[in-house]
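I have placed the structure first, in the form of structure tokens, so that the comments after it can refer back to it.
The figures here come from the full heavy-atom set of this structure, side chains too, leaving out hydrogens, waters and symmetry mates. Chain A is the first sequence line, chain B the second, and so forth, proteins listed ahead of strands; every chain is numbered from 1.
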Number of protein chains: 2
Amino acid sequence: MIKKSIEESIVLSIFDLSNQLKKIGDEVYQKVGLTTQQWLILLHLANNPNLPFFKRENHKKDLMASELADSLNVSRANITNLINVLLEKGLIKQVEDNEDRRKKRLKLTKKGVELVKDTQPNRFAVIKYLTDGFNEDEKKTFLRFLEACMNKLVNEDEKIKSFHELLVEIEA
Amino acid sequence: MIKKSIEESIVLSIFDLSNQLKKIGDEVYQKVGLTTQQWLILLHLANNPNLPFFKRENHKKDLMASELADSLNVSRANITNLINVLLEKGLIKQVEDNEDRRKKRLKLTKKGVELVKDTQPNRFAVIKYLTDGFNEDEKKTFLRFLEACMNKLVNEDEKIKSFHELLVEIEA
DNA sequence: AAAAATAGTTAATAATGTTTACTAATTTGT
DNA sequence: ACAAATTAGTAAACATTATTAACTATTTTT
């Protein structure tokens with residue numbers, strides 16, 4: 001019998017909520033033939049300052065695929081696939097970097113900029129609606145909490161995995 | 001240019017954190033040939049009271065596949081696939097319901113119970129470590145926040161989708 | 001100058017999940 | 001009571017999303 005614990009409730013709720021957000025996002029963005037994942041790439045290229053990635057590190061130059069892979073925590077090959085869709089739709093473009101010719105900088109096209117701009121008020125309204133009913137202090141604490149968790153996960157993930165070292169192989 | 005907003009930061013952080021948790025979970029549970037998703041099923045069958053699903057509704061009888069589909073927000077067919085792995089590994093068993101012979105109740109086997117029990121202290125330690133540094137009141141507020149968001153998403157998802165109605169078809 | 005590392009891509013493949021169609025059992029409406 | 005609708009589970013075919021491994025080109029390190 002597993003005990004009630006507010007900490008575990010929080011972790012499981014974060015999971016649940018994120019799933020739900022992704023589902024709804026996929027449904028909404030399907031109208032323009034995109035997935036939540038592809039939409040997140042657009043938000044990166046729009047330099048959305050609220051993305052955890054931009055809080056972790058400062059970026060002056062346009063992003064490249066490997067940085068997106070890093071931020072979304074997926075393989076570079078996967079980013080290539082996601083990007084191809086956005087390129088085909090004419091929402092982004094690749095610009096060769098003259099200083100390091102291995103690199104290709106990604107930019108929103110005019111069409112991409114406009115799509116992000118046009119949908120921004122509604123995205124914002126949804127987010128405001130969702131997070132309504134809590135005061136500024138509470139929201140700040142909540143964000144600190146999420147960021148603290150994240151820091152532990154990325155900086156000390158070996159430590160966390162080692163907690164589970166005892167997980168013994170079970171016979172199939 | 002998108003403005004800084006604490007609300008959007010929160011939503012994007014939840015996304016990011018959940019991804020990271022899933023990745024680490026997949027890596028950890030790979031040792032026993034399971035995915036995070038399959039592990040979640042084990043937690044359901046162990047009646048983990050911290051699962052959002054058990055907070056939403058009360059369950060006296062053992063769960064069935066369609067309830068798991070509901071809780072994990074995936075199709076029934078997908079649950080069949082996930083369950084088959086757990087059956088093969090001998091971690092769960094199906095029991096026919098005598099009152100309604102369409103239903104198959106799912107139960108942990110002795111082996112399944114033991115796996116959950118043995119790993120519980122470490123799971124708990126990880127969660128405690130992650131959520132450390134915040135007091136009880138703060139944690140309670142987070143949980144209320146997460147549950148409030150979730151409620152809006154599930155009860156008023158049509159309203160949320162309608163926010164995006166203006167999303168116009170873009171030509172490929 | 002050689003070796004190692006980085007960036008991106010391609011191809012093959014794994015996993016995850018969906019839709020559709022089906023069977024069986026139960027519930028509902030008349 | 002009985003036809004129609006609903007619910008539960010599964011199977012098959014497929015879509016998608018992601019991964020790994022191998023490769024090219026370029027840059028950095030030693």
Side-chain angles (χ1 to χ4, degrees), chain A residues 15 18-20 22-27 29-30 32-41 45 59 61-89 92-107, chain B residues 15 18-20 22-30 32-41 44-45 59 61-89 92-107:
Chain A
F15 237 88
S18 170
N19 269 340
Q20 203 75 33
K22 186 166 172 302
K23 281 263 163 152
I24 292 185
D26 281 340
E27 208 168 318
Y29 296 121
Q30 198 181 351
V32 287
L34 299 178
T35 61
T36 300
Q37 200 76 324
Q38 285 154 348
W39 191 262
L40 276 173
I41 291 182
L45 302 189
H59 286 271
K61 310 192 86 180
D62 291 322
L63 292 186
M64 45 192 186
S66 54
E67 290 170 319
L68 286 174
D70 204 43
S71 177
L72 301 183
N73 202 22
V74 296
S75 64
R76 272 176 306 147
N78 187 22
I79 292 289
T80 300
N81 292 334
L82 294 171
I83 277 178
N84 283 339
V85 175
L86 297 172
L87 285 170
E88 272 167 41
K89 289 196 183 292
I92 68 173
K93 62 188 168 195
Q94 277 175 323
V95 182
E96 310 228 335
D97 187 317
N98 287 325
E99 288 162 36
D100 183 341
R101 302 197 29 262
R102 290 171 305 186
K103 298 178 180 171
K104 295 181 183 174
R105 303 283 170 184
L106 298 164
K107 283 177 91 71
Chain B
F15 236 88
S18 170
N19 269 341
Q20 203 76 33
K22 185 166 173 302
K23 281 263 163 151
I24 292 184
D26 281 340
E27 207 168 318
V28 163
Y29 296 121
Q30 198 182 351
V32 287
L34 298 178
T35 61
T36 301
Q37 201 76 323
Q38 285 154 349
W39 191 262
L40 276 173
I41 291 182
H44 277 82
L45 302 189
H59 287 270
K61 310 193 85 179
D62 291 321
L63 292 188
M64 46 192 186
S66 54
E67 290 171 319
L68 286 174
D70 204 43
S71 176
L72 300 184
N73 202 20
V74 296
S75 65
R76 271 177 305 147
N78 187 22
I79 291 289
T80 300
N81 293 334
L82 294 170
I83 277 178
N84 282 340
V85 175
L86 297 172
L87 286 170
E88 272 168 39
K89 289 195 184 293
I92 67 173
K93 61 189 169 197
Q94 276 176 323
V95 183
E96 310 229 336
D97 186 318
N98 287 325
E99 287 162 36
D100 184 340
R101 300 197 31 265
R102 290 170 304 184
K103 297 178 181 173
K104 295 181 182 174
R105 302 283 170 185
L106 297 164
K107 283 177 89 71

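B/Ile41 CD1 to B/Thr35 OG1: the interatomic distance, rounded to the nearest 0.5 Å, is 8.0 Å. Put simply, CG on B/Asn78 and CG on B/Leu82 are 4.5 Å apart, with the number rounded to the nearest 0.5 Å. Interatomic distance, CG of A/Leu106 versus CG of A/Leu68, reported as 6.0 Å (0.5 Å rounding).
Contact check for A/Met64 versus A/Asp97: no side-chain heavy atoms found under the 4.5 Å cut-off.
Checking side-chain atoms of B/Asp70 against main-chain N and O of B/Ser66 turns up no donor-acceptor pair under 3.5 Å.
Among the atoms of the strands shown, base atoms are found under 4.0 Å from some heavy atom of B/Arg76. At the heavy-atom level, A/Gln38 lies nowhere under 4.0 Å from the strands shown. Contacts of B/Ala65 with the nucleic acid, taken as non-hydrogen atoms under 4.0 Å apart, involve only primed sugar atoms and P, OP1 or OP2.
Side-chain proximity of B/Lys23 to the nucleotides D/dT19, C/dA15, D/dT27 is greatest for D/dT19. The side chain of A/Lys104 lies closest to C/dT9, out of C/dT9, C/dT26, C/dA7. Listed nucleotides: C/dA7, D/dG9, D/dA18. Nearest to the side chain of A/Ser66: C/dA7.
The separation between A/Lys22 atom NZ and C/dT18 atom P is 10 Å, rounded to whole Å. Atom CG of A/Asn19 and atom P of D/dT17 are 15 Å apart (whole Å). Taking atom CG on A/Leu34 and atom C1' on D/dT17, their separation rounds to 15 Å, with Å as the unit. In this structure, the CZ atom of B/Arg101 is 6 Å from the P atom of C/dT26, given to the nearest Å. Rounded to whole Å, the distance from CG on A/Leu72 to P on D/dA18 is 9 Å. One can place CG of A/Asn73 at 17 Å from P of D/dT17, the figure rounded to the nearest angstrom. Residue A/Asp62 contributes atom CG, which lies 12 Å from atom P of C/dG8 at whole-angstrom precision. Taking atom CG of residue B/Asp70 and atom P of nucleotide D/dT7, one finds them 12 Å apart after rounding to whole Å.
Contact of A/Arg102 with D/dA25 (side chain to base): no donor-acceptor pair of N or O atoms is detected under 3.5 Å.
Note on A/Gln37: a side-chain N or O is less than 4.0 Å away from OP1 or OP2 of D/dA18. Listed pair B/Gln30 / D/dT19 fails the phosphate criterion, with no side-chain N or O lying under 4.0 Å from OP1 or OP2. The side chain of B/Thr35 contributes an N or O atom lying less than 4.0 Å from OP1 or OP2 of C/dT16.
In the region residues 78-86 of chain A, proximity to DNA chain C at under 4.0 angstrom, judged on heavy atoms, holds for A/Thr80.
Looking at A/Lys61 and A/Glu67, no side-chain N of the basic residue comes within less than 4.0 Å of a carboxylate O on the acidic one, giving no salt bridge.
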Decide yes or no on side-chain contact (heavy atoms from CB on, under 4.5 Å) for A/Thr36 and A/Ile24, but give the supporting numbers first. CA-CA 9 Å; A/Thr36 300; A/Ile24 292 185; over 6 Å; no
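Evaluation of the salt bridge (Lys or Arg N to Asp or Glu O under 4.0 Å) rule for B/Lys107 yields B/Asp62 as partners, not counting sequence neighbours.
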